[in-house]
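Worksheet: one structure, shown below.
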2 protein chains.
Amino acid sequence: MPPGFESSRYGHGLDLGRAEATVLFDVLQDCAACRSRHAFLALLPKLGALLSFDHALALAGRLDRGVATTTDCVVAGFPEGWLRDYAASELPGRDALVARGFAGRGPCQWSDAGAGLEEPNALALCRDHGLRCGHVAGHGPLLGSSCSLFCFTGTRGREDRRTAALLRFLTPHLHLAFQLALAVSEPPPGGDAGLTRREREVLGWLKEGKSSWAIGMLLGISERTANFHVANIMRKLGVANRAQAVAAAIARGVIDAG
Amino acid sequence: MPPGFESSRYGHGLDLGRAEATVLFDVLQDCAACRSRHAFLALLPKLGALLSFDHALALAGRLDRGVATTTDCVVAGFPEGWLRDYAASELPGRDALVARGFAGRGPCQWSDAGAGLEEPNALALCRDHGLRCGHVAGHGPLLGSSCSLFCFTGTRGREDRRTAALLRFLTPHLHLAFQLALAVSEPPPGGDAGLTRREREVLGWLKEGKSSWAIGMLLGISERTANFHVANIMRKLGVANRAQAVAAAIARGVIDAG
DNA sequence: TGCGCACCTGTCGGAACTGACAGGCCCGGG
DNA sequence: CCCGGGCCTGTCAGTTCCGACAGGTGCGCA
């Protein structure tokens with residue numbers, strides 16, 4: 001009998017009631033179906049039944065040698081004042097909470113964040129704005145190179161091990177949902193750009209660093225024809241050279257990075 | 001009160017018992033934490049408690065103008081004979097079940113697959129090998145361009161609407177788990193290849209199709225120095241030219257396709 | 001039968017890339 | 001203090017790319 005069965009409640013270590021289990025299933029379904037910023041935004045309030053918070057914030061970005069760079073964000077109900085003060089502060093780019101989140105070091109809550117959290121961080125600013133409780137959880141890069149950070153805060157809220165366990169469970173799903181939302185919300189302009197099979201084939205060899213002559217050999221056509229295909233590829237993708245063509249083709253999913 | 005609460009069982013439309021709900025949570029946690037083919041393989045048997053099957057198969061590939069190409073697969077317990085016969089048949093590359101799955105057209109089971117499913121497909125072959133029940137579910141490209149297909153079959157098994165609903169719920173999570181497993185199981189050789197900040201900066205402009213002269217302008221250095229950085233990038237990545245450098249950098253996650 | 005399209009081939013010249021030479025400045029660690 | 005590394009600059013020769021010219025074949029469709 002699996003360990004979870006010993007408890008009268010559900011989820012390994014999550015200690016969920018029946019209503020919460022149903023909400024969680026709902027949220028997980030939404031996570032996998034998240035295809036826009038709006039869908040992601042709509043997903044956040046549902047978490048309120050599980051985590052109990054007033055405001056939520058999701059950041060996407062990168063962590064490079066300990067320095068966190070934010071590239072995108074979705075805000076759900078954070079106070080205007082807080083946002084303004086945060087932007088005006090020295091925090092953006094140096095917030096230790098963000099760096100910790102992007103590193104995927106596990107959830108962290110206001111009550112335990114004080115100890116062991118480097119300065120500067122947004123904790124004091126949150127308390128100044130009356131956001132007395134909160135959780136931050138993040139995730140490192142997964143399918144792609146982008147990290148995520150999720151912050152749930154407000155005047156009330158539970159800060160216990162159960163909530164931490166729930167966040168630990170949810171964060172990877174939220175990360176994937178967020179990445180999906182951001183990836184799909186900016187759809188590649190023009191899909192596959194109407195590239196022909198031959199042109200995709202040529203792109204595949206361009207990606208491998210082959211010269212026109214080599215591509216001609218590989219495809220059994222003349223070097224000139226390989227050049228002809230490359231020119232058409234560049235024209236259709238609207239790019240200036242082969243390097244950009246490869247990047248654009250990968251970005252649009254015409255070929256994969258492999 | 002959300003609709004799910006009206007039922008004495010859990011999950012919107014999934015109609016799960018307590019034990020099944022716990023298994024499902026467990027599986028979902030594993031999905032988000034899946035980092036290797038082995039982890040994905042270990043995840044499949046757990047589904048047995050929910051779907052009841054003997055053999056499982058996961059395919060990754062692409063769908064191009066209705067033609068499915070399989071690039072990778074993970075097999076859990078399929079009979080040797082079946083695999084041999086399938087490989088020897090005309091099916092690989094033309095199996096309508098695979099094409100349907102890669103198109104993400106929703107789960108499909110043996111009992112209803114006969115009607116409306118194009119030929120050729122693997123159904124007859126499965127029945128020949130005594131695999132009398134089964135489900136196929138697939139998913140289109142999500143974070144990346146790769147599609148997934150999951151096949152659960154055996155001599156026994158439920159083929160009802162509840163199982164279909166469960167598969168519909170699970171498939172996106174399985175797809176992401178599978179993509180994660182494949183993406184991470186072949187780690188980029190050498191990580192960031194020891195590229196310096198400047199070199200990553202140059203790569204970012206290469207990706208945009210800038211010439212050496214333009215990169216020099218943009219970075220406030222001479223054209224020659226830009227060339228110097230490009231040469232070092234190509235040497236470190238072990239590639240032949242800029243186009244391949246861009247592809248390799250994206251594949252390794254040094255820069256993103258953006 | 002004509003039309004569009006994918007695919008193929010050729011030449012030419014200027015621009016860009018690639019690799020190898022040789023050197024300079026600045027900074028941190030042994 | 002020297003050494004290594006990141007970063008910067010230069011020259012030179014050979015290769016490759018890129019755009020624009022002008023064509024040919026085969027296939028499906030109206």
Side-chain angles (χ1 to χ4, degrees), chain A residues 64-67 69 190-250 252 254-255, chain B residues 62-67 69 190-250 252 254-255:
Chain A
D64 186 16
R65 296 156 191 252
V67 180
T69 316
D192 71 354
L195 294 184
T196 67
R197 187 154 22 93
R198 203 56 156 174
E199 285 159 355
R200 283 196 298 277
E201 208 168 352
V202 169
L203 262 173
W205 288 118
L206 275 188
K207 186 186 75 180
E208 302 297 331
K210 303 299 179 192
S211 68
S212 297
W213 178 86
I215 293 174
M217 281 296 106
L218 285 161
L219 299 184
I221 57 179
S222 78
E223 176 184 355
R224 176 57 196 97
T225 304
N227 267 326
F228 170 79
H229 290 307
V230 172
N232 285 332
I233 288 166
M234 292 194 300
R235 181 176 46 77
K236 289 183 181 177
L237 293 177
V239 299
N241 53 37
R242 295 161 188 233
Q244 194 182 7
V246 167
I250 292 174
R252 294 186 181 202
V254 178
I255 56 174
Chain B
R62 253 178 301 286
L63 189 64
D64 187 14
R65 297 155 191 250
V67 179
T69 316
D192 70 354
L195 293 185
T196 66
R197 188 155 19 94
R198 201 59 156 173
E199 285 159 354
R200 283 195 299 277
E201 208 167 353
V202 170
L203 262 173
W205 289 118
L206 276 188
K207 186 187 74 180
E208 302 297 332
K210 302 299 180 190
S211 69
S212 296
W213 178 85
I215 293 173
M217 280 296 106
L218 285 161
L219 299 184
I221 57 181
S222 77
E223 176 183 354
R224 177 58 196 95
T225 304
N227 266 325
F228 169 80
H229 290 307
V230 173
N232 285 333
I233 289 166
M234 293 194 298
R235 181 177 46 77
K236 288 181 181 177
L237 292 177
V239 299
N241 54 37
R242 296 162 187 232
Q244 194 182 8
V246 167
I250 292 173
R252 294 186 183 203
V254 178
I255 56 174

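- Rounded to whole angstrom, the span from the CG atom of A/Leu206 across to the C1' atom of D/dC17 amounts to 11 Å.
- A donor-acceptor contact under 3.5 angstrom links the side chains of A/Arg235 and A/Asn232, judged on distance only.
- Residue B/Asn227 is in base contact, counting any heavy-atom pair closer than 4.0 Å across all strands shown.
- Under 4.0 angstrom from either OP1 or OP2 of C/dT9 there lies at least one side-chain N or O belonging to A/Thr225.
- Between A/Asn232 atom CG and C/dT9 atom P the separation is 14 Å, expressed in whole Å.
- Smallest separation of non-hydrogen atoms from B/Val246 and A/Ala243: CG1-O, 3.8 Å.
- Between B/Met217 atom CE and D/dT9 atom C1' the separation is 14 Å, expressed in whole Å.
- Rounded to an integer number of Å, the gap from A/Glu223 CD to D/dT16 C1' is 8 Å.
- Side chains of B/Trp205 and B/Leu219 form a contact here, defined as non-hydrogen atoms less than 4.5 Å apart.
- As a whole-Å value, the separation of B/Leu219 CG from D/dG6 C1' is 15 Å.
- When rounded to the nearest whole Å, the span between CD1 of A/Ile221 and C1' of C/dA6 equals 12 Å.
- Comparing D/dC18, D/dC7, C/dT18 by their closest approach to the side chain of B/Arg197 singles out D/dC7.
- For the atom pair B/Ile250 CD1 and B/Leu203 CG, the distance stands at 9.0 Å (nearest 0.5 Å).
- In terms of phosphate contacts, B/Ser222 brings a side-chain nitrogen or oxygen within less than 4.0 Å of OP1 or OP2 of D/dT9.
- Using a 4.0 Å heavy-atom cutoff across all strands shown, B/Arg224 reaches at least one base atom of the nucleic acid.
- When the side-chain nitrogen and oxygen atoms of B/Arg235 are compared with OP1 and OP2 of C/dG19, none of them lie within a distance under 4.0 Å.
- A straight line from CD of A/Gln244 to P of C/dA16 spans 15 Å, rounded to a whole angstrom.
- Between B/Thr196 and D/dC7 there is a side-chain polar atom (N or O) within less than 4.0 angstrom of OP1 or OP2.
- The CH2-C1' distance, from A/Trp213 to D/dC18, rounds to 20 Å in whole Å.
- Within the structure, every side-chain polar atom (N or O) of B/His229 is placed at least 4.0 Å from both OP1 and OP2 of D/dC7.
- Exactly one residue among B/Arg224, B/Arg242, B/His229, B/Glu223 makes a side chain to side chain donor-acceptor pair (under 3.5 Å) with B/Ser212. That residue is B/Arg242.
- Residue B/Met234 is the one, among B/Phe228 and B/Met234, whose nearest nucleotide of DNA chain C lies closer to the 5' end (criterion: closest heavy atom).
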